[in-house]
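Contents: one structure, followed by commentary.
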Amino acid sequence: MQMPAQIRAPSFVSTRRFFQQKLADLHKCNDLNQLRQLHALIYKFNLHKDPFVAPKLISALSLCRQMELAVSVFDQIPSPNVHSFNTLIKAYIRNSEPDKALELFREMRWSGIDPDSYTYLFFLKASTGLNFVKMIHAHVEKCNLYSDVFMPNSLIDAYSKCGLTGFIEAKMLFDVMEERDVVTYNSMISGLVKVGELTEAKKMFDEMPERDWVSWNAILDGYVKAGEMSAAFAIFEKMPSRNVVSWSTVISGYAKNGDMENAKILFDNMPVKNLVAWTIMISAYAEKGLAKEAIKLYHQMEDAGLKLDDGSIVSILSASAESGLLRLGKKVHQSIIRSRYKCGTLISNALIDMYCKSGSLNMAWQIFNTIERKDLVSWNIMIHGLAMHGHGQKALCLFEKMKEEGFAPDEVTFVGILSACSHSGLVKEGLHYFHTMVTDYKTEPQLEHYGCMIDLLGRGGHLNEAFRLLDEMPFEPNVVIWSSLLGACRMHNAVELAEEVLDQLVKLGPGIAGNFSMLSNIYAAAGDWGSVANARLQLRKTASKRASGASSIELNDELHEFTVMDKSHPKSDRIYQTINGLNQHLQRFAPNVVIAESPCF
DNA sequence: TTAGGGTTAG
C-alpha cells in the first residue's frame with residue numbers, strides 16, 4: 001500500500017536529519033551494530049571518500065576494534081592528507097599496535113607529507129621509553145610545533161612516565177613554560193607521585209590556581225600509592241565532589257593494603273560502577289587467591305552488561321596467573337571467544353602467561369602458535385613456561401627458533417633460558433648460555449642471572465663452583481640465592497655448608513620457616529638428631545611469628561592452599577604419604593631430586 | 001559553515 005505524500009515527506013526529512021546528526025557524532029560511535037548500519041549508509045551515498053567523513057569513520061571503526069575495515073576505508077581515500085594519516089595512526093595506537101602506527105608514519109613521510117603537532121601528540125601517548133620521547137621532543141623543537149599548551153603538556157606527561165631522569169626533563173619544561181593551565185599542573189602532580197615525591201606533589205597541589213576532579217584524584221592516588229590510607233581517606237572525604245575515579249582509587253588502595261572488607265563496602269556503596277571499578281575488585285580478589293569471590297563478582301559484572309576491554313582482560317588474567325586461578329582465567333578466555341573480541345598480541349601474551357602459571361601448558365602452547373604477530377614478550381613467556389614445567393630442552397629449542405625468526409634475546413629471555421637449564425639439570429648448556437649472553441649479546445648479567453647459575457651449579461652438585469660464583473658476582477646475594485644454596489646443600493647432604501648458609505639467611509631478616517625445615521632434614525639425613533630437635537624448635541618459633549609463603553592449586557572449583565608445617569588440609573595424611581612415596585621412588589632413579597620436604601612433624 | 005589533541009583509577 002502506498003503512503004500519502006504528506007506522511008512520507010517528513011519521514012524522509014527526519015531520516016536525513018537523523019543521518020546528518022549521526023555523521024556529526026560518528027567518530028564517537030562505539031556501538032558496533034549502529035556503526036554497521038551507518039557504514040552501509042555511508043557507502044551507499046559514496047561518502048566514504050569525503051575528507052570529513054572518512055577520518056570519522058576510521059575513528060569509529062577503531063573504537064569498535066574493526067581495524068581491518070578502518071584500514072580499507074583509509075586505502076580508499078584518493079589522496080590522504082595529514083589529518084587522514086593522523087586518524088589511522090591514532091587508531092593503531094588505540095588498538096595497541098604502535099608498530100603499525102610507526103610503519104604508517106614512514107609511509108606518510110615517503111608520500112611527502114610532513115607530520116604536524118597532532119601526529120606527535122598521538123605518538124607521545126603511546127611512548128614508553130625516554131629515548132623515544134627525547135627524539136619526538138627534538139622534532140618538535142626543530143619544527144617549532146609549540147602552537148599552544150597541548151604540546152608541552154603532552155611532553156611533560158610523556159617524560160614524567162620515564163622515571164626520575166624523565167621527570168627532570170619534565171620539570172625543566174614546566175619551569176620555562178610561559179602559559180600553564182590546570183592540565184600542566186595535573187601532569188606535574190601525577191609525575192611527582194610516580195617518582196615518589198609526595199611532599200612536592202602536595203605542595204604543587206596546594207599552590208595551583210584552580211583544581212578540578214583530576215587534580216584531587218591525582219593527589220588522592222599519591223596518598224594511596226604511599227600506603228597512607230587514613231590520609232587518603234581524609235582527602236576523599238574532603239573533596240568537593242567525587243567521581244568514579246575517586247571511588248576506584250580509594251577502593252584499590254584498601255584492596256592493595258589487604259583490607260578487602262573496606263574495599264567491598266566502598267565498592268557496594270559507590271554510585272556508579274564502571275569497567276575499571278569492577279576490574280579493580282575482581283583482580284584484587286583474584287590476587288589474594290579468593291577464587292569464589294572473584295568469580296561471583298565476575299558473573300555480576302557480566303550480568304550488569306559490561307564488556308571487557310584490553311585493560312580489564314590483562315588485569316584479571318594477570319591476577320589469575322599470580323594465584324593460579326585457572327577457572328577465572330578460563331572464564332575470561334571463554335568470554336573473549338564468545339564475544340569474538342579481536343585478540344591482539346597483548347591479550348594473547350596474558351593468556352599464555354595465565355595458562356603457563358596455572359599448569360595448562362598445552363593450552364598455552366596452542367595460543368602461542370596462533371599469535372599473528374609474536375613479539376619478544378610472547379617468546380619470553382613461552383620459554384619461561386616451558387622452563388617452569390621442567391621442559392628444559394624444549395625451552396632451548398624454542399630459543400633457537402626465536403633467534404631464527406629474527407628476535408634478539410634480552411635479559412628476560414636469558415633468565416628463562418638459565419632457569420630452563422637449572423630446572424632440567426643442563427649444567428653444560430647453562431654455562432654455555434651464561435657465557436654467550438655476555439660475548440654474543442652484550443647483555444650484562446644481573447642478580448637474577450647469577451641466581452640461576454648458582455642454583456644450576458648447586459643442584460648439579462658443583463657446590464664449590466656455586467660458592468665461587470657467589471663470591472665473584474658484583475651483587476650482594478639475596479634471600480632467594482641463599483635459599484637455593486640451602487636447597488643444594490640439602491640435596492647433597494653438605495651439613496657444614498648448610499649451617500653457614502642458614503647463618504647468612506638469618507642475618508638477612510626474620511627467619512623463613514621453610515629454611516629451618518630444610519635444615520632439620522639435612523641433620524636428619526646425617527643422623528644428627530640433637531640438631532634436628534634444635535632446628536625444629538627454631539622452626540616452631542619462626543612459623544608462629546610470621547606467615548610463610550603458600551602454594552595453592554585450584555581443583556574442582558575449590559582452592560587448596562599449603563604452607564610449611566601445614567596439616568590443616570582434610571587429606572593431609574594422604575598428601576604427605578604420596579610425597580614420601582614419590583621421593584622414595586625418585587631416590588632410586590634420580591638421587592639429586594627432591595619433590596618436597598617430607599613432613600617431620 | 002562542517003576534522004584530529006593534553007591530565008586522574010584497572
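Order of the sequence lines fixes the chain letters, A, B, ..., with proteins taken first and strands second; residue numbering starts at 1 for each chain.
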Selection from [options] that lies nearest to any side-chain heavy atom of [X]:
| X | options | result |
| --- | --- | --- |
| A:V183 | B:dT7, B:dA9, B:dG4 | B:dT7 |
| A:N217 | B:dA9, B:dT8, B:dG4 | B:dT8 |
| A:D157 | B:dA9, B:dT8, B:dG4 | B:dT8 |

Looking at every strand, decide which applies to [X] at a 4.0 Å heavy-atom threshold: base, sugar-phosphate, or nothing.
| X | value |
| --- | --- |
| A:N274 | base |
| A:D50 | nothing |
| A:I282 | nothing |
| A:T87 | nothing |
| A:S312 | base |

| query | Any N or O donor-acceptor pair linking the side chain of A:D148 to the base of B:dG5 at under 3.5 Å? | reply |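 Answer is yes: a donor-acceptor pair is held.
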| field | A:T249 (side chain) and B:dA9 (base): donor-acceptor pair under 3.5 Å | value |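 For A:T249, whose side chain was compared with the base of B:dA9, there is no donor-acceptor pair (under 3.5 Å).
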| task | Taking atom types as modelled, find out whether A:D375 and A:N349 have a side-chain donor-acceptor pair closer than 3.5 angstrom. | result | yes
| field | Contacts of type salt bridge (charged side-chain N to carboxylate O under 4.0 Å, His left out), residue A:K374, not counting sequence neighbours | value | none
| message | Just to verify, what does A:K357 make a salt bridge (charged side-chain N to carboxylate O under 4.0 Å, His left out) with, not counting sequence neighbours? | response | A:D353
| query | Could you give the distance from NZ (A:K292) to CG (A:L325), rounded to the nearest 0.5 Å? | reply | 12.5 Å
| message | Can you list, in residue-number order, the parts of residues 117-125 of chain A that come under 4.0 Å of DNA chain B, counting heavy atoms only? | response |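 Listed by number, they are A:Y118, A:L121, A:F122, A:K125.
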| request: Give, ordered by number, those residues of residues 296-311 of chain A having at least one heavy-atom distance below 4.0 Å to an atom of DNA chain B; if nothing qualifies, reply none. | output: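 Nucleic-acid contacts, sorted: A:D309, A:G311.
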| query | Hey, are A:R338 and A:E302 close enough for a salt bridge, meaning a charged N less than 4.0 Å from a carboxylate O? | reply |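 Counted as a salt bridge, because a side-chain N and a carboxylate O are separated by less than 4.0 Å.
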| said: Classify the ring geometry of A:F74 against A:F85: parallel below 30°, tilted from 30° to 60°, perpendicular beyond 60°. | reply: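 It falls in the perpendicular class, over 60°.
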| note | A:S96 meets the side-chain hydrogen bond (donor to acceptor under 3.5 Å, both in side chains) criterion, sequence neighbours left out, with A:D310
| task | Using the test side-chain hydrogen bond (donor to acceptor under 3.5 Å, both in side chains), find all partners of A:D175 that sit at least two apart in sequence or belong to another chain. | result |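 side-chain hydrogen bond (donor to acceptor under 3.5 Å, both in side chains) list for A:D175, sorted by chain: A:K171.
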| task | Would you mind reading off the distance between A:K56 atom NZ and B:dT2 atom C1', rounded to a whole angstrom? | result |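 After rounding, the gap between these two atoms is 7 Å.
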